[in-house]
Protein chains: 2
Amino acid sequence: MYSSANVSERQVQPPSLAISTVIFALRPDAGSGRLEIWLPLVRRVRQPHLGKWALPGGPLGGRESLHDAAARNLRETTNLDPTYLEQLYAFGGLDRSATQRLVSIVYWALVRPDQADLAQESENVRWFRAAEAVGLAFDHDEIVAYALERLRGKIEYGSVAYHFLGERFTLAQLRGVYEAVLGRHLDPANFRRQLRSAKDISATDEVLQGGRNRPPRLYRYTGPDAGTPPREAPQASGSAEWPAPDAPP
Amino acid sequence: MYSSANVSERQVQPPSLAISTVIFALRPDAGSGRLEIWLPLVRRVRQPHLGKWALPGGPLGGRESLHDAAARNLRETTNLDPTYLEQLYAFGGLDRSATQRLVSIVYWALVRPDQADLAQESENVRWFRAAEAVGLAFDHDEIVAYALERLRGKIEYGSVAYHFLGERFTLAQLRGVYEAVLGRHLDPANFRRQLRSAKDISATDEVLQGGRNRPPRLYRYTGPDAGTPPREAPQASGSAEWPAPDAPP
DNA sequence: CATTGTTAGGGTCATGATGACTGTAACTCA
DNA sequence: TGAGTTACAGTCATCATGACCCTAACAATG
């Protein structure tokens, strides 16, 4: 599995370049109804790590940008378009793959739950709870952990949470997203107060009927890239509203 | 990993993979004495963008990790080791280079001023003020702007500022670093109060003599990676090898 | 129809971080 | 000896935050 031929090949051949994607969606737990983080994985159908689960990915095409490659990758796996797509990190350690020198540029994406339900599952594509996505191929355990860390970091000041939801949502739904990602309970009253001062979220004149309690008001996200496709690269996040974009540790 | 890939369709021409580095150092302005951000650039000695200034960079060697490649790159340019080195972003747009498809994984680094003074300058390597680093080759203008944005974002909550300074420093020096990076004046009293609550900075029992005012106390950074080389990103690092040809960008 | 349970949505209070500002100590230089 | 400058400590108002309480509005149950 680790022949000397492979080692000598590495000195000559340039490193292979691949794109992988960590795709997050939220699904309510059947019992408690609380939201949980899920992600799709694909089963390896060749060596190395044959049979193990891995992040969806593939080589970078010659006529597509990194962002487009990640989007295509995501479409081929879940058959759906993401509401958020951003570069995570470029992994290029020497020991990532035993058979070849591989550099993976990893993206992370958010999809809505209703879309995640429609996503195709098959023998080799299955959704897992993020907490149960361990024992993956290559270094994908660490990549998933790092993507979760980025997600948690970005939800606190960015506009990431809205991309888990549809166009209109209640504050309780939005709070459920925060609680699922941050993993802790949030006070409903304080949460409401904070989001009233956030100016890229506005209340509609509609309420959500059909519940068995007082009908909650529906809100809408009016900030940048509301319903538009996610933007490419690192243009200045401009507004000094909140701290700053984050980065690998 | 390439379960859903249509391989034959994509093997037209694999994109080239390069490593570039944005190297920051602070130098006092001759007149005012205020610190300013500088970075070294290299002149292009071949097409495209012949004669223009560009970020130091080169192809990724087959036996070095991304981090090691950036460190080697930096050593070859400034002849010095950085006190901080972190991945910035992977740039892979289709129109980055007119002659070839090029994917650049860019790192950013900090070096100390005394080291920056020792750095080698030559006909094709010169230091520029960050504000004057415009009109660069390829998309390096945007890369520098993004690196500056990252630097500003990281200095507010991270331990980045200390890497611009030596082991012992006064609070005024540290405040000068913050003012240079953030581009605004900071109140000395409030700055002192904030850094007393930051627990990875501790006062020594020494003061800095020789100034023409009251001698300020010297402090020391005691947080993670204090004097050690910067650690690799979210994964384990491998060992590096030395030689590698130099080629832009 | 009244009661009960549950959530929506409004408020209070103490605390801690922050920015603006004042005052005193310690040193050099003219 | 005094002027000028910086180090360093402290005060005050403001604001964001967490913890907590209260009322409104619905559905389900009796």
Side-chain angles (χ1 to χ4, degrees), chain A residues 28-29 31-35 152-153 155-158 161 165 168-220 239-244, chain B residues 28 31-35 152-153 155-158 161 165 168-180 182-220:
Chain A
D29 179 69
S32 66
R34 271 193 288 269
L35 292 175
R152 277 187 282 264
I155 206 176
E156 293 193 332
Y157 60 88
L165 300 169
R168 284 188 295 266
F169 49 86
T170 69
L171 289 187
Q173 290 171 337
L174 185 59
R175 181 167 50 88
V177 171
Y178 275 82
E179 290 181 340
V181 170
L182 298 177
R184 66 168 184 268
H185 174 75
L186 297 177
D187 184 82
N190 295 335
F191 185 80
R192 171 183 318 277
R193 180 181 55 191
Q194 269 185 297
L195 289 199
R196 259 207 313 256
S197 62
K199 266 318 170 197
D200 45 358
I201 178 176
S202 61
T204 69
D205 50 357
E206 309 170 74
V207 294
L208 178 62
Q209 302 286 357
R212 66 174 171 280
N213 298 314
R214 170 174 173 176
R217 183 170 296 275
L218 287 170
Y219 290 80
R220 182 186 295 133
S239 55
E241 33 177 333
W242 286 94
Chain B
S32 67
R34 270 195 288 270
L35 293 175
R152 277 186 283 264
I155 205 175
E156 293 195 330
Y157 60 88
L165 300 169
R168 282 188 293 266
F169 48 87
T170 69
L171 289 187
Q173 290 170 339
L174 184 60
R175 181 168 50 88
V177 171
Y178 275 82
E179 290 181 338
L182 298 177
R184 67 167 184 266
H185 173 75
L186 297 177
D187 184 83
N190 295 335
F191 185 80
R192 170 183 317 276
R193 180 180 54 190
Q194 268 184 300
L195 288 197
R196 260 207 313 256
S197 62
K199 266 320 170 196
D200 45 358
I201 178 177
S202 60
T204 68
D205 50 356
E206 310 171 72
V207 292
L208 178 62
Q209 302 286 359
R212 66 175 170 278
N213 299 315
R214 171 175 171 175
R217 182 169 296 275
L218 287 171
Y219 290 81
R220 181 186 296 134

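The figures here come from the full heavy-atom set of this structure, side chains too, leaving out hydrogens, waters and symmetry mates. Every chain is numbered from 1 and lettered A, B, ... according to where its sequence line falls, protein lines coming before strand lines.
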Where chain B begins and ends its contact with DNA chain C, read 5' to 3' at 4.0 Å from heavy atoms
C:dT18 to C:dT28
Donor-acceptor pairs under 3.5 Å, side chain of residues 198-210 of chain B to any protein atom, not counting sequence neighbours: which ones?
unit_1, atom_1, unit_2, atom_2, d
B:T204, OG1, B:E206, N, 3.3
B:T204, OG1, B:L218, O, 2.6

Of B:R184 and A:L171, the one whose nearest nucleotide on DNA chain C sits closer to the 5' end is A:L171
Closest non-hydrogen atoms of B:D187 and B:N190, given as atom of the first, atom of the second and distance, are OD2-N, 2.9 Å
Integer-rounded Å distance: D:dT6 C1' and B:L186 CG:
17 Å
Shorter than 3.5 Å, N or O on both sides, protein versus nucleotides 2-4 of chain D: list them out with atom names.
none

Taking only residues two or more places apart in sequence, or in another chain, which ones meet B:R214 in a side chain to side chain donor-acceptor pair (under 3.5 Å)?
none
Pairs touching residues 183-214 of chain A that satisfy ring pair (Phe, Tyr, Trp, His ring centres under 6.0 Å), sequence neighbours left out
A:Y178-A:F191
Return the set of residues passing side chain to side chain contact (heavy atoms under 4.5 Å, CB included) with B:S197 (not counting sequence neighbours), or none when no residue passes.
none
So, for A:Q173 and A:F169, which heavy atoms are closest and what is the spacing to 0.1 Å?
OE1-CA, 3.3 Å
Side chain to side chain donor-acceptor pair (under 3.5 Å) involving A:R220 - partner list, sequence neighbours excluded
A:E167
List in chain and number order the residues that pass side chain to side chain contact (heavy atoms under 4.5 Å, CB included) with A:N213, two or more places apart in sequence or in another chain; answer none if no residue qualifies.
none
Rounded off to whole Å, could you give me the OH-to-P distance for the A:Y178 and D:dG18 pair?
13 Å
How long is the line joining CG of A:L208 and C1' of D:dA25, in whole Å?
14 Å
Tell me which of A:P215 and B:P215 sits closer to the 5' end of DNA chain D, going by the nucleotide each one is nearest to.
B:P215
So, using side chain to side chain donor-acceptor pair (under 3.5 Å) as the criterion, who are the partners of B:R192 when residues are at least two apart?
none
Numerically ordered, the residues 188-204 of chain B set in heavy-atom contact under 4.0 Å with DNA chain D is B:A189, B:R192, B:R193, B:R196
According to salt bridge (Lys or Arg N to Asp or Glu O under 4.0 Å), does anything in residues 170-179 of chain B pair up with another residue at least two apart or in another chain? List the pairs.
B:R175-B:E179
With sequence neighbours left out, what residues match A:R212 under side chain to side chain contact (heavy atoms under 4.5 Å, CB included)?
none
